[in-house]
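Note sheet for the following structure.
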Protein chains: 2
Amino acid sequence: MHEALITYIHAQLTRVLSDDEKAAIEKAFKPKKLRKHQYLLQEGEVCKLAGFIVKGAMKQYSVDETGKENILVLAIENWWIGDRESFSQGMPSAYFIDAFEETHLLVITKEDYEKHLSQQPFMADLLRILAERQSLQLLKRVHATKTLSAEQRLADLEKSYPAFLQRFPQHIIASYLGMTKETLSRIRGNSTKK
Amino acid sequence: MHEALITYIHAQLTRVLSDDEKAAIEKAFKPKKLRKHQYLLQEGEVCKLAGFIVKGAMKQYSVDETGKENILVLAIENWWIGDRESFSQGMPSAYFIDAFEETHLLVITKEDYEKHLSQQPFMADLLRILAERQSLQLLKRVHATKTLSAEQRLADLEKSYPAFLQRFPQHIIASYLGMTKETLSRIRGNSTKK
DNA sequence: AAAAAACGTTGACTTATATCAACGTTTTTC
DNA sequence: GAAAAACGTTGATATAAGTCAACGTTTTTT
């Protein structure tokens with residue numbers, strides 16, 4: 001059940017976990033299955049769960065006045081999902097998170113984290129590593145949106161996260177990249193032709 | 001000399017530091033003064049220093065083919081500065097970092113970190129807290145550039161970091177916000193008039 | 001204090017991307 | 001397996017913001 005997560009943590013820390021550490025993880029994280037289109041979080045709710053995706057695909061997005069979805073985060077196997085700000089500070093979320101396919105998660109609540117993992121020193125390291133990596137990725141994304149054209153941003157995604165392109169339909173990718181589906185369609189036409 | 005940094009760390013950790021911990025900080029961080037326009041880092045170099053700004057103001061930016069500066073990060077007192085990716089992975093940086101005013105830093109090298117701070121458990125917590133905060137800020141910034149107009153982004157900055165607006169000239173702010181100085185000028189005209 | 005550089009504003013024009021709309025194809029639902 | 005929904009493409013048009021250029025003001029340099 002928890003092998004995927006344990007393997008993942010092992011890889012992040014570049015060391016194996018002790019039996020105690022594994023046991024703590026198994027106690028803290030509970031399996032949760034979401035059907036396609038099911039919400040993990042809705043705007044206005046406090047995010048009670050942080051999840052590790054064992055299988056499936058999810059998206060995090062906001063919805064504007066006109067009902068348009070604006071996709072901020074895409075996540076597939078071996079990614080984390082959840083609104084961290086809402087989760088850690090207990091404030092209402094501005095986002096929706098839902099399953100784009102049937103998705104199998106391992107989720108943890110704040111209470112289970114406190115109870116089983118907060119005293120584990122390896123967790124401070126793991127959380128630091130994950131936060132640092134995420135902040136590097138996001139800085140690149142800020143830089144990309146400031147400096148690259150729509151076409152270059154697509155090329156960048158193709159290079160950095162090709163899996164997303166196979167996994168999500170174009171209108172989702174377009175929103176993630178900060179352009180309309182029409183623009184993405186035209187851009188793809190160009191680069192395929194050349 | 002190091003009081004500002006110690007006070008800052010104290011605030012982040014929400015606990016006081018022991019004399020030992022303070023001593024480790026004082027050994028690891030060295031004062032460094034930069035004159036106006038002096039570089040801390042240039043594109044292509046490996047970032048050897050991470051700095052805490054005691055007094056002054058700095059900017060991190062890339063320069064495109066046409067010579068245009070694209071400002072990614074602005075930092076003033078009590079902010080950190082440095083290219084983390086280059087610093088921690090030893091790769092050549094894509095960015096310039098320079099002092100916008102005469103600036104007084106406390107800087108640390110990787111070697112001094114390893115020697116004096118890497119065994120200190122409080123550092124894992126501090127680094128985690130900083131990385132988590134940064135990643136929340138960056139996610140907001142990604143969201144803002146995806147969903148807000150130039151005018152709304154300015155309003156957002158006025159609300160979130162008013163100090164920047166007093167500290168940096170408009171063409172710097174404009175670049176940081178991802179617009180031209182002309183657009184910023186016109187936008188300010190609008191909101192002032194109303 | 002003069003000269004040079006940096007800064008901010010305004011106008012005319014351009015451009016990348018958005019919007020709106022129509023239509024064919026594929027996938028999902030019941 | 002028929003109906004509905006989701007998806008992708010293409011065309012016509014609109015628009016926010018960029019570019020280029022000129023000019024006055026403020027700040028910095030020497």
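Every chain is numbered from 1, with letters handed out A, B, ... down the list of sequences. Note that this is a predicted model, so its numbers are computed, not measured.
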### Task
Report yes if a side-chain nitrogen or oxygen of A:Q170 is closer than 4.0 Å to either non-bridging phosphate oxygen (OP1 or OP2) of D:dT9; otherwise report no.
yes
### Task
Answer yes or no: does a side-chain N or O of B:T180 lie under 4.0 Å from OP1 or OP2 of D:dA17?
no
### Query
Tell me: CG of B:D64 to C1' of D:dG18, nearest whole Å?
13 Å
### Task
Round to the nearest Å and state the distance from A:L184 atom CG to D:dT10 atom P.
13 Å
### Message
At less than 4.0 Å, is any side-chain N or O atom of A:T183 found next to OP1 or OP2 of C:dA18? Yes or no.
### Response
yes
### Summary
From the list B:R133, B:Q134, B:R128, side-chain contact (heavy atoms from CB on, under 4.5 Å) with B:L130 holds only for B:R133
### A:R188 CZ to D:dT9 C1', straight-line distance once rounded to whole Å
11 Å
### Query
How is A:K36 classified with respect to the nucleic acid when contacts are heavy atoms under 4.0 Å: base, sugar-phosphate, or nothing?
sugar-phosphate
#### Entry: Donor-acceptor pair under 3.5 Å, A:R153 side chain vs C:dT17 base
no
### Query
Closest to the B:R186 side chain: D:dT19, D:dC7, C:dC7?
D:dT19
### Query
Think B:S185 has a side-chain N or O under 4.0 angstrom from the OP1 or OP2 of C:dG8?
no
### Message
Heavy-atom nearest nucleotide on DNA chain C for A:L148 versus A:E182: which residue maps closer to 5'?
### Response
A:L148
### Message
Output the rounded distance in Å from CD (A:E69) to C1' (D:dA6).
### Response
13 Å
### Query
What do you reckon, are the aromatic ring centroids of B:Y8 and B:F52 less than 6.0 Å apart?
yes
### Task
Tell me whether the centres of the aromatic rings in B:H143 and A:Y95 are closer together than 6.0 Å.
yes
### Task
Whole angstrom is fine here: how far is it from NE2 in B:H37 over to P in C:dA6?
7 Å
### Query
For the rings on B:F96 and B:Y39, is their centre-to-centre separation under 6.0 Å?
yes
### Task
Estimate the overall bend of the helix from C:dA1-D:dT30 to C:dC30-D:dG1 from the end axes over five pairs each, rounded to 10 degrees.
70°
## Note on the structure
In B:Y161, B:Y61, B:F100, B:Y176, the residue satisfying ring pair (Phe, Tyr, Trp, His ring centres under 6.0 Å) with B:F168 is B:F100
### Query
Counting only heavy atoms not in B:K140, do more than 12 sit closer than 6.0 Å to its NZ atom?
no
### Query
Is A:K48 atom NZ crowded by more than 12 heavy atoms from other residues, nucleotides or ligands, each under 6.0 Å away?
no
### Message
I need the CD-C1' distance between A:E101 and C:dT28, as an integer number of Å.
### Response
15 Å
### Query
Atom CD1 of A:I187 and atom C1' of D:dT9: how far apart are they, to the nearest Å?
14 Å
### Query
Among D:dT19, D:dG8, D:dA17, which nucleotide sits nearest the side chain of B:A150?
D:dA17
### Query
Within this structure, what is the NZ-to-C1' distance between A:K181 and C:dT17, rounded to whole angstrom?
14 Å
